[in-house]
A.B. asks: 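Got a structure for you, questions after.
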Amino acid sequence: MFVEPTASKRNNQISILTPGEMVTEDQQYMRGHGTYLQDTTLISSVVGVVERVNKLISVKPHKQRYEGEIGDVVVGRITELGSKRWKVDIHARLDGVLLLSSINLPGIQRRKQESDELEMRSYFTEGDLLVAEVQSMFHDGSANLHTRSGKYRKLRNGCLITVPSVLIKRSKSHFVTLDCGVQVILGVNGYIWIAKHVPMTAEEEAQPEGMFSSENVPISMEDRECIARVYNIIAGLASHHVLIQESAIAFAYDIASDFTLQDLLDASTIETIVAQAQFRLNEQLQD
């Protein structure tokens with residue numbers, strides 16, 4: 001027996017191994033982290049997902065701290081202001097670092113001055129949520145972040161949900177806009193932002209002033225219900241170990257439209273929605 005990770009991802013569901021469960025009896029594979037040998041059988045030592053790199057097999061813990069990679073889109077929360085930098089909680093072993101030189105300041109772009117350092121709290125302050133990209137990794141393993149793009153900014157008009165980072169697959173786009181007018185930002189670190197989608201023109205994206213605004217736009221009751229519905233759907237997908245991606249959310253949202261918002265708090269209803277969404281995902285993969 002061999003638990004092939006790619007096979008589990010074909011139906012968009014993660015296969016979870018438990019300690020003591022057999023990974024493989026094939027002796028051609030090498031033992032990696034999260035496994036041990038018992039006679040000639042490779043056994044899982046943690047609760048997690050099988051990962052294979054060539055002939056090396058390891059079991060990645062299902063619930064673990066995020067390990068950053070260059071280019072990752074992450075959602076984080078400002079935890080501390082320092083000298084020309086902010087510390088950002090990105091659900092990793094160490095806080096990420098956002099340098100003052102790694103953001104676009106309002107006005108003409110120029111070399112950062114001492115006056116800019118005095119104004120840091122007007123850009124980001126403790127408790128602010130933001131979406132950023134991992135620019136590089138420091139020697140101690142912490143992530144160096146940047147927001148030098150219109151899509152990387154302070155987050156408003158929504159709510160945050162946390163899922164295991166193993167359920168977020170790296171893809172070309174982590175910014176998902178649903179037909180209901182809700183935008184979902186899938187942070188590779190397991191932090192997901194759900195908010196009302198407020199379209200921005202090219203001119204607005206080019207002006208950094210809007211990146212630092214903390215003012216929420218008015219949100220109607222209908223939009224609030226849509227955000228709450230998406231929140232419950234993502235929580236349901238995560239509880240059933242389904243990979244959280246655009247198609248899974250869209251299918252689940254479409255199916256959930258037959259239920260009231262109150263129904264989505266029922267575990268059996270969520271189980272039905274997730275099962276039907278997985279069926280549609282499998283049909284899509286077979287086409």
Side-chain angles (χ1 to χ4, degrees), residues 12-13 73-77 91 127-132 150-165 167-169 171-202 204-205 210-211 213-281 283-284:
N12 295 276
Q13 187 168 20
V73 174
V74 297
V75 173
R77 187 186 297 274
H91 199 227
D128 283 347
L129 287 161
L130 75 156
V131 57
K151 62 183 179 180
Y152 302 133
R153 61 190 186 278
K154 186 182 293 187
L155 297 175
R156 303 174 290 144
N157 311 314
C159 60
L160 180 73
I161 181 172
T162 304
V163 302
S165 59
L167 296 180
I168 308 296
K169 186 167 63 174
S171 60
K172 291 183 178 179
S173 176
H174 288 262
F175 296 80
V176 178
T177 302
L178 303 176
D179 294 337
C180 61
V182 172
Q183 184 182 53
V184 181
I185 301 177
L186 302 173
V188 181
N189 56 333
Y191 288 169
I192 299 176
W193 181 251
I194 308 167
K196 176 183 177 180
H197 177 56
V198 181
M200 295 180 65
T201 64
E204 289 175 329
E205 288 189 359
M211 293 174 50
S213 173
S214 298
E215 183 178 351
N216 290 317
V217 300
I219 302 178
S220 66
M221 184 57 67
E222 182 181 357
D223 289 332
R224 291 174 186 267
E225 289 184 357
C226 289
I227 291 172
R229 190 175 289 271
V230 174
Y231 182 101
N232 287 330
I233 286 169
I234 292 177
L237 292 171
S239 67
H240 289 78
H241 313 299
V242 177
L243 288 173
I244 299 172
Q245 52 189 323
E246 181 175 0
S247 54
I249 298 172
F251 285 144
Y253 188 91
D254 183 50
I255 297 165
S257 61
D258 295 331
F259 300 91
T260 66
L261 191 58
Q262 190 71 24
D263 290 337
L264 298 183
L265 299 177
D266 182 66
S268 60
T269 301
I270 286 294
E271 186 175 354
T272 300
I273 292 171
V274 171
Q276 292 184 28
Q278 285 185 279
F279 179 76
R280 292 192 187 184
L281 285 166
E283 283 189 328
Q284 184 185 60

A.B. asks: Going by the rule side-chain contact (heavy atoms from CB on, under 4.5 Å), which residues pair with Glu215 if we only count those two or more places apart in sequence or in a different chain?
C.D. replies: Ser213
A.B. asks: Do any pairs count as a ring pair (Phe, Tyr, Trp, His ring centres under 6.0 Å) and have a residue in residues 174-195, sequence neighbours left out, and if so which ones?
C.D. replies: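 Applying ring pair (Phe, Tyr, Trp, His ring centres under 6.0 Å) to every pair that reaches into residues 174-195, excluding sequence neighbours, yields His91-Tyr191.
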A.B. asks: Find the distance between SG (Cys226) and CG (Asp179) and round it off to the nearest 0.5 Å.
C.D. replies: 11.0 Å
A.B. asks: Only pairs under 3.5 Å count here: list side-chain donor-acceptor contacts from residues 248-259, not counting sequence neighbours, and write none if there are none.
C.D. replies:
residue : atom : partner : partner atom : Å
Asp254  : OD2  : Arg280  : NH1          : 2.7
Ser257  : OG   : Asp254  : O            : 2.5

A.B. asks: Measuring from Ser173:OG to Lys151:NZ, what's the distance to the nearest 0.5 Å?
C.D. replies: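 Answer rounded to 0.5 Å: 6.5 Å.
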A.B. asks: Using the rule given for side-chain contact (heavy atoms from CB on, under 4.5 Å), can you reason through Asn232 versus Val230, listing the C-alpha separation, both sets of side-chain angles and the distance that settles it, and then say yes or no?
C.D. replies: CA-CA 5 Å; Asn232 287 330; Val230 174; over 6 Å; no
A.B. asks: Counting C-beta onward and ignoring hydrogens, is there a side-chain heavy-atom pair between Leu237 and Val274 closer than 4.5 Å?
C.D. replies: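 When only atoms from C-beta onward are counted, Val274 and Leu237 do touch, with a gap below 4.5 Å.
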A.B. asks: Provide the full list of side-chain hydrogen bond (donor to acceptor under 3.5 Å, both in side chains) pairs with a residue in residues 261-274, sequence neighbours left out, each pair given once.
C.D. replies: Thr260-Asp263, Asp266-Ser268, Asp266-Thr269
A.B. asks: For Asp223, give me all partners under side-chain contact (heavy atoms from CB on, under 4.5 Å), at least two apart in sequence or on another chain.
C.D. replies: Lys196, Ile219, Ser220
A.B. asks: Do any pairs count as a salt bridge (Lys or Arg N to Asp or Glu O under 4.0 Å) and have a residue in residues 227-239, sequence neighbours left out, and if so which ones?
C.D. replies: none
A.B. asks: Residues two or more places apart in sequence or in another chain: which of them pass side-chain contact (heavy atoms from CB on, under 4.5 Å) with Glu225?
C.D. replies: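 Here the qualifying residues are Met221, Leu261.
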A.B. asks: Looking at residues at least two apart in the chain, or sitting in another chain, which of them share a side-chain hydrogen bond (donor to acceptor under 3.5 Å, both in side chains) with Asn157?
C.D. replies: none
A.B. asks: Tyr231: what forms a ring-ring contact (aromatic ring centres under 6.0 Å, His included) with it, not counting sequence neighbours?
C.D. replies: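 ring-ring contact (aromatic ring centres under 6.0 Å, His included) check on Tyr231 returns nothing, list empty.
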A.B. asks: Would you compute the distance between atom CD1 of Ile270 and atom CD1 of Ile273 and round it to the nearest 0.5 angstrom?
C.D. replies: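 Answer for the CD1-CD1 pair, Ile270 versus Ile273, is 4.5 Å.
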A.B. asks: CD1/Ile234 to CD1/Ile192 distance, rounded to the nearest 0.5 angstrom?
C.D. replies: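 Separation between the atoms: 5.0 Å.
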A.B. asks: Is the side chain of Arg77 donor-acceptor paired with the backbone N or O of Leu129 at a distance under 3.5 Å, no angle test?
C.D. replies: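 Between the backbone of Leu129 and the side chain of Arg77 there is no qualifying donor-acceptor contact (under 3.5 Å).
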A.B. asks: Any chance you could measure Ser247, atom OG, to Gln284, atom CD, to the nearest 0.5 Å?
C.D. replies: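 The CD atom of Gln284 is 5.0 Å from OG of Ser247, to the nearest 0.5 Å.
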A.B. asks: Going by atom type alone, with no hydrogens or angles, which donor-acceptor pairs under 3.5 Å involve a side-chain atom of residues 182-189 and a protein atom two or more places apart or on another chain?
C.D. replies:
residue : atom : partner : partner atom : Å
Gln183  : OE1  : Arg153  : NH2          : 3.3
Asn189  : OD1  : Val75   : N            : 3.4
Asn189  : ND2  : Val75   : O            : 2.7
Asn189  : ND2  : Ile90   : O            : 3.1

A.B. asks: What's the separation between atom SG in Cys180 and atom CD in Glu222, rounded to the nearest 0.5 Å?
C.D. replies: 9.5 Å
A.B. asks: Going by the salt bridge (Lys or Arg N to Asp or Glu O under 4.0 Å) test, which pairs reach into residues 232-247, not counting sequence neighbours?
C.D. replies: none
A.B. asks: With salt bridge (Lys or Arg N to Asp or Glu O under 4.0 Å) as the rule and sequence neighbours excluded, what pairs involving residues 234-243 come up?
C.D. replies: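 Residue pairs with at least one partner in residues 234-243: there are none.
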